[in-house]
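These notes concern the structure reproduced below.
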2 protein chains.
Amino acid sequence: MERELLLLGLLRQTDMHGYQLHEFIHRNMASCVDLKKATAYYLLDKMTESGWLIPTEEQEGGRPPRRVYQLTEAGESAYQAMLRENLSTHYEARFTGDIGLAFLDSLPAEEAVNLLSHRRTALQAELDAAQTVPPHVGTSQLVIEHLVRHLRTELDWLDEVIRRIEPRSEQENT
Amino acid sequence: MERELLLLGLLRQTDMHGYQLHEFIHRNMASCVDLKKATAYYLLDKMTESGWLIPTEEQEGGRPPRRVYQLTEAGESAYQAMLRENLSTHYEARFTGDIGLAFLDSLPAEEAVNLLSHRRTALQAELDAAQTVPPHVGTSQLVIEHLVRHLRTELDWLDEVIRRIEPRSEQENT
DNA sequence: TTTTCCATGTAACTCGTTACATGATTTC
DNA sequence: GAAATCATGTAACGAGTTACATGGAAAA
């Protein structure tokens with residue numbers, strides 16, 4: 001449902017065709033959404049059938065005609081409803097990486113630390129990337145900042161986990 | 001894949017049947033995983049076909065026989081591989097609630113604050129619930145603590161967003 | 001001239017959920 | 001005797017991804 005909201009929200013600002021929408025999202029929102037082409041086309045078709053969008057075909061050269069989409073009134077109210085729904089509800093996050101944590105004790109401490117350090121590297125990289133994203137206009141900036149906050153918390157957390165399971169030998173060897 | 005890891009991890013500790021597994025997860029891990037019955041049965045069948053589990057039928061009374069599952073050696077190595085995979089990779093989180101944020105400016109500030117306050121209430125409730133969960137044994141406790149940390153960050157974040165979009169009139173009216 | 005980009009589409013598949021059905025057994 | 005629990009199962013659906021196919025246009 002939030003993917004539809006995304007498409008509607010973008011189309012409300014400027015009319016676009018599928019390829020363009022996908023491109024835009026991929027370029028400017030890759031850090032927070034990953035909408036595949038197939039999904040974009042599928043949703044646009046569906047929303048057209050629902051009467052939320054009207055496509056206009058633009059022929060240019062010998063390639064497949066662009067279908068530029070425009071919100072209808074029904075589309076606008078769908079947008080309004082979804083936006084309110086989205087803003088007012090709290091979506092629970094599920095951390096798929098936590099199931100491993102629950103079984104951490106079935107590994108020798110040293111190996112556990114190694115594995116988690118690997119995770120840490122990837123996490124750090126994502127954080128670096130997020131912090132390097134050029135500032136966005138308007139409230140899109142909020143999304144970036146949210147991500148950065150989240151990643152910082154994750155990093156802190158991971159460091160604490162590593163510290164906790166680190167074997168004593170670390171100190172003895174020093 | 002993490003659901004399989006979960007089932008294998010539990011079965012490695014004690015042999016159980018499907019109903020029992022579902023019950024256990026529902027009772028003790030509801031805050032971090034939600035594994036439906038149908039999914040549990042499906043995965044157990046699949047993993048049995050893969051040769052990771054051997055079921056033993058236990059007839060008791062006139063009800064459907066319990067299928068108690070036990071890890072095979074192949075199951076054990078699958079578990080080992082998945083655990084390492086899970087621990088060493090960083091899974092990116094997607095916040096479905098962020099798409100609304102990106103379009104926040106299409107609403108009057110006052111309404112936006114109202115909607116987000118609603119979200120805040122639900123978030124606070126989940127945080128309260130997470131903080132009230134009785135302490136878990138071993139590293140399962142880590143999962144709870146992770147959730148609490150995450151929710152605290154979310155709450156902080158949400159408060160800041162609300163503060164930022166709060167209309168000036170608040171001060172004027174006081 | 002070969003590669004990349006533009007622009008669409010679709011069939012098959014995965015993962016998981018929903019919503020049922022069955023029928024004995026225990027609890028109120 | 002009604003309701004909840006035990007214990008399984010399955011058919012249908014939904015959302016999304018993968019992996020293709022097409023074919024002209026622009027760039028290397």
Side-chain angles (χ1 to χ4, degrees), chain A residues 1-8 10-11 15-27 29-30 32-50 53 55-69 82 85-86 91-96 99, chain B residues 1-8 10-11 15-27 29-30 32-50 53 55-69 82 85-86 91-96 99:
Chain A
M1 202 215 69
E2 86 272 12
R3 287 151 191 282
E4 299 184 359
L5 175 60
L6 173 61
L7 293 175
L8 289 177
L10 293 177
L11 286 175
D15 299 349
M16 289 195 251
H17 56 272
Y19 191 90
Q20 207 176 352
L21 280 161
H22 174 260
E23 204 60 13
F24 182 88
I25 292 166
H26 185 65
R27 287 266 146 77
M29 316 181 74
C32 54
V33 206
D34 176 25
L35 187 79
K36 306 286 170 179
K37 258 187 226 172
T39 311
Y41 285 123
Y42 165 68
L43 288 177
L44 290 169
D45 281 354
K46 215 184 66 171
M47 294 197 289
T48 304
E49 272 189 38
S50 305
L53 300 176
T56 312
E57 301 232 332
E58 281 185 8
Q59 191 59 262
E60 194 170 307
R63 52 179 92 160
R66 298 170 169 174
R67 304 184 134 202
V68 177
Y69 292 94
M82 284 184 184
E85 166 78 18
N86 182 279
Y91 299 94
E92 313 195 6
R94 301 258 162 229
F95 296 103
T96 65
I99 282 140
Chain B
M1 202 217 67
E2 86 270 13
R3 286 153 191 281
E4 298 184 0
L5 175 60
L6 173 60
L7 292 175
L8 288 177
L10 293 177
L11 286 175
D15 299 349
M16 289 195 251
H17 56 272
Y19 191 90
Q20 207 176 352
L21 280 161
H22 173 260
E23 204 60 13
F24 182 88
I25 293 166
H26 184 66
R27 286 267 146 77
M29 317 181 76
C32 54
V33 206
D34 177 27
L35 186 81
K36 305 287 169 180
K37 258 188 226 172
T39 311
Y41 285 123
Y42 166 68
L43 288 177
L44 290 169
D45 281 355
K46 214 185 65 171
M47 294 197 288
T48 303
E49 273 188 39
S50 305
L53 300 177
T56 313
E57 302 232 332
E58 282 185 6
Q59 192 58 262
E60 195 171 306
R63 53 179 92 160
R66 297 171 171 172
R67 305 185 135 203
V68 177
Y69 292 95
M82 284 183 183
E85 165 78 17
N86 181 279
Y91 299 94
E92 312 196 7
R94 301 259 161 227
F95 296 103
T96 64
I99 282 140

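Throughout, a chain's letter reflects where its sequence line sits, starting with A, and its residues are numbered from 1.
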Would you say B/Glu58 and B/His17 make side-chain contact, with heavy atoms under 4.5 Å? no

Rounded to whole angstrom units, what separation is found between the CD atom of A/Gln20 and the P atom of C/dC6? 11 Å

Chain A footprint on DNA chain D, 5' to 3' - any atom under 4.0 Å from a heavy atom: D/dG16 to D/dA25

For the side-chain contact (heavy atoms from CB on, under 4.5 Å) test, which of A/Leu8, A/Leu53, A/Leu10, A/Thr56 pairs with A/Tyr69? A/Leu53

Any donor-acceptor N/O pair, A/Arg94 side chain to B/Cys32 backbone, under 3.5 Å: yes

Would you say that more than 12 heavy atoms from the other residues, nucleotides or ligands in this model lie under 6.0 Å from the CD of A/Gln59, or not? yes

Can you tell me how far the CD atom of B/Gln20 sits from the CZ atom of B/Arg27, to the nearest 0.5 Å? 12.0 Å

When rounded to the nearest 0.5 angstrom, what distance separates CE in A/Met29 from CG in A/Asp34? 12.0 Å

Within a strict 4.5 Å, meaning less than it, do heavy atoms of the B/Asp45 and B/Arg67 side chains meet? yes

Tell me, with the steps shown, if A/Lys46 and A/Glu4 meet side-chain contact (heavy atoms from CB on, under 4.5 Å). CA-CA 10 Å; A/Lys46 215 184 66 171; A/Glu4 299 184 359; 2.9 Å; yes

Between C/dT8 (C1') and A/Lys36 (NZ): distance, integer Å: 18 Å

One would report the end-axis bend of the helix from C/dT1-D/dA28 to C/dC28-D/dG1, five pairs per end and rounded to 10 degrees, as 30°

Calculate the interatomic distance between B/Asp34 atom CG and C/dC15 atom C1'; express it in whole Å. 14 Å

Whole-Å distance separating the NE2 atom of B/His22 from the C1' atom of C/dG16: 13 Å

Between B/Arg3 (CZ) and C/dG16 (C1'), how many Å, whole number? 7 Å

Taking OP1 and OP2 of C/dG16, is either one under 4.0 Å from a side-chain nitrogen or oxygen of B/Thr39? no

Starting at atom OH of A/Tyr19, determine the distance to atom P of C/dT4, rounded to an integer number of angstrom. 13 Å

A/Tyr42 OH - C/dT8 P separation (whole Å): 18 Å

Could you go step by step and tell me if A/Leu6 and A/Leu21 meet the side-chain contact (heavy atoms from CB on, under 4.5 Å) rule? CA-CA 10 Å; A/Leu6 173 61; A/Leu21 280 161; over 6 Å; no

Residue among A/Glu23, A/Met16, A/His22 satisfying side-chain contact (heavy atoms from CB on, under 4.5 Å) with A/Tyr19: A/Glu23

Looking at B/Glu57, I'd like to know if its CD atom is crowded, meaning that more than 12 non-hydrogen atoms belonging to other residues, nucleotides or ligands lie closer than 6.0 Å. yes

For the pair made of OH in B/Tyr41 and P in C/dT18, what is the distance, rounded to whole Å? 17 Å

So if I define the base as every atom that isn't primed, P, OP1 or OP2, how would nucleotides 23-28 of chain C read as a B/S/- string at a heavy-atom cutoff under 4.0 Å? -SS---

